[in-house]
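As the structure lists them, so they are numbered: ligands from 1, and atoms in each ligand from 1. Worth saying up front: this structure is predicted, and the values here are computed from it rather than measured. All residue numbers refer to positions in the sequence shown, counting from 1. What you see below is based on every heavy atom in this structure, not just the backbone, and it leaves out hydrogens, waters and symmetry mates.
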Amino acid sequence: MAKRIEASGVTAYYGAFKAIENINLTVEPKTVTALIGPSGCGKSTFLRSINRMHEVLPGARVEGSLTIDDQDIYDRDVDVTAVRRMIGMVFQRPNPFPTMSIFENVVAGLRLNGVRRKSILEEAAEKALRSANLWDEVKDRLGKPGAGLSGGQQQRLCIARTIAVEPQVVLMDEPCSALDPISTLAIEDLMFQLKDKFTIIIVTHNMQQAARVSDRTAFFSIEKTGDPGRLIEYDNTQKIFSNPGVKKTEDYITGRFG
Ligand SMILES: Nc1ncnc2c1ncn2[C@@H]1O[C@H](COP(=O)(O)OP(=O)(O)OP(=O)(O)O)[C@@H](O)[C@H]1O
């Protein structure tokens with residue numbers, strides 16, 4: 001199920017402003033890749049280019065090519081909805097549908113895809129909640145509102161909702177930034193388990209988190225305000241954190257700038 005992602009010459013704009021320039025990187029299936037770098041260097045922009053969310057903003061566009069197992073997702077005849085189904089996304093703040101029950105939150109995507117049969121929905125909900133390490137905590141209150149859960153539980157609910165439709169890639173944009181340390185560890189454990197099935201890309205400001213959860217790390221940076229973000233170094237996480245090849249990477253991970 002997990003898929004290989006290849007970005008080649010990816011440049012993204014907000015109107016006339018070039019936010020990222022010429023990003024080239026390959027993400028192997030069943031790995032966790034961390035995107036790190038100072039604020040404004042384009043991590044989120046790049047992440048949102050991968051599932052064609054970037055272009056949702058008026059005037060925003062992407063150049064270059066992005067292939068998922070050799071299929072260019074920017075091809076003219078590609079079905080954008082199918083791309084977003086294949087590439088799920090988890091956001092910074094847990095965003096369960098507030099008026100829906102826990103169960104309905106998890107199966108929302110399946111319902112949109114036309115699944116109607118109750119037994120199939122129930123089975124899929126249990127599977128996704130178990131995968132998100134949330135089943136035991138919610139199995140007796142599936143009919144209660146998702147908004148009634150703690151922040152960490154809500155984020156795991158959002159992860160369950162994302163994986164219920166069985167995507168191949170899961171993008172996470174600072175998924176732990178609104179969570180306490182215990183919930184953060186729960187999500188990190190979960191990422192470790194999920195990479196058995198999915199290709200995961202995570203944006204994080206937390207260096208320890210990048211070092212703990214990822215196999216590969218991509219360091220982005222900008223020269224000065226107004227310049228586009230560029231990929232400075234991309235390597236095995238262990239190498240980036242122990243012996244980076246570029247001085248700028250070292251300065252960043254040791255806290256000397258950013
Ligand atoms: N909707 C938008 N319209 C115009 N410019 C934007 C928009 N969103 C982001 N930008 C600009 O694009 C650049 C990259 O932003 P992006 O959010 O991708 O960076 P980031 O590395 O994820 O930052 P952070 O770590 O602060 O979240 C920044 O200069 C930002 O101001």
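Between Arg130 and Glu126, at least one side-chain nitrogen of the basic residue sits less than 4.0 Å from a carboxylate oxygen of the acidic one, meeting the salt-bridge criterion. A salt bridge links Arg111 to Glu104: one of the charged nitrogens lies within less than 4.0 Å of a carboxylate oxygen. Of the charged side-chain nitrogens involved, at least one lies within less than 4.0 Å of a carboxylate oxygen, so that Lys127 and Glu166 count as a salt-bridged pair.
When only non-hydrogen protein atoms are considered, atom 17 (O) of ligand 1 lies nearest to Ser44 CB, 3.9 Å. In this structure, the protein non-hydrogen atom closest to atom 21 (O) of ligand 1 is Lys43 NZ, 2.8 Å. Closest to atom 26 (O) of ligand 1 among all protein heavy atoms lies Ser39 OG, 2.6 Å.
Close approach to Thr45 involves these atoms of ligand 1, each under 4.0 Å from a residue heavy atom: 14 (C), 15 (O), 16 (P), 18 (O). Applying the 4.0 Å criterion to heavy atoms of Glu174 picks out, from ligand 1, the atoms 27 (O). Less than 4.0 angstrom separates some heavy atom of His205 from each of these atoms of ligand 1: 24 (P), 25 (O). Residue contact check: Gly42 has heavy atoms under 4.0 Å from atoms 14 (C), 16 (P), 18 (O), 19 (O), 20 (P), 21 (O) of ligand 1.
Put simply, no part of Arg48 is less than 4.0 Å from ligand 1, judged by heavy atoms.
Ring-centre distance between Phe46 and His54: not below the 6.0 Å cut-off.
The neighbour count for Glu28 CD, taken as heavy atoms of other residues, nucleotides or ligands under 6.0 Å away, is above 12.
When every heavy atom of Thr26 is checked against every heavy atom of Arg4, the shortest pair comes out as CG2-NH2, 3.4 Å. What you find for Ala128 and Ile163 is that their closest heavy atoms are O-CD1, 3.9 Å. Taking both residues in full, the closest heavy atoms of Ala125 and Phe103 are given as CB-CE1, 3.6 Å, listed atom of the first, atom of the second, then distance.
Residue nearest to atom 2 (C) of ligand 1, selected from Tyr14, Phe46, Phe17, Phe220: Tyr14 (by heavy-atom distance). Closest to atom 28 (C) of ligand 1 by heavy atom, among Gly229, Gly40, Ser49, is Gly40.
Heavy atoms from both the backbone and the side chain of Cys41 come within less than 4.0 Å of ligand 1.
Considering backbone and side-chain atoms together, Leu57 places no N or O closer than 3.5 Å to any N or O of ligand 1.
A heavy-atom distance below 4.5 Å is not found between the side chains of Glu21 and Asp227.
Contact annotation for atom 8 (N) of ligand 1: protein present (non-hydrogen atoms, distance under 4.0 Å).
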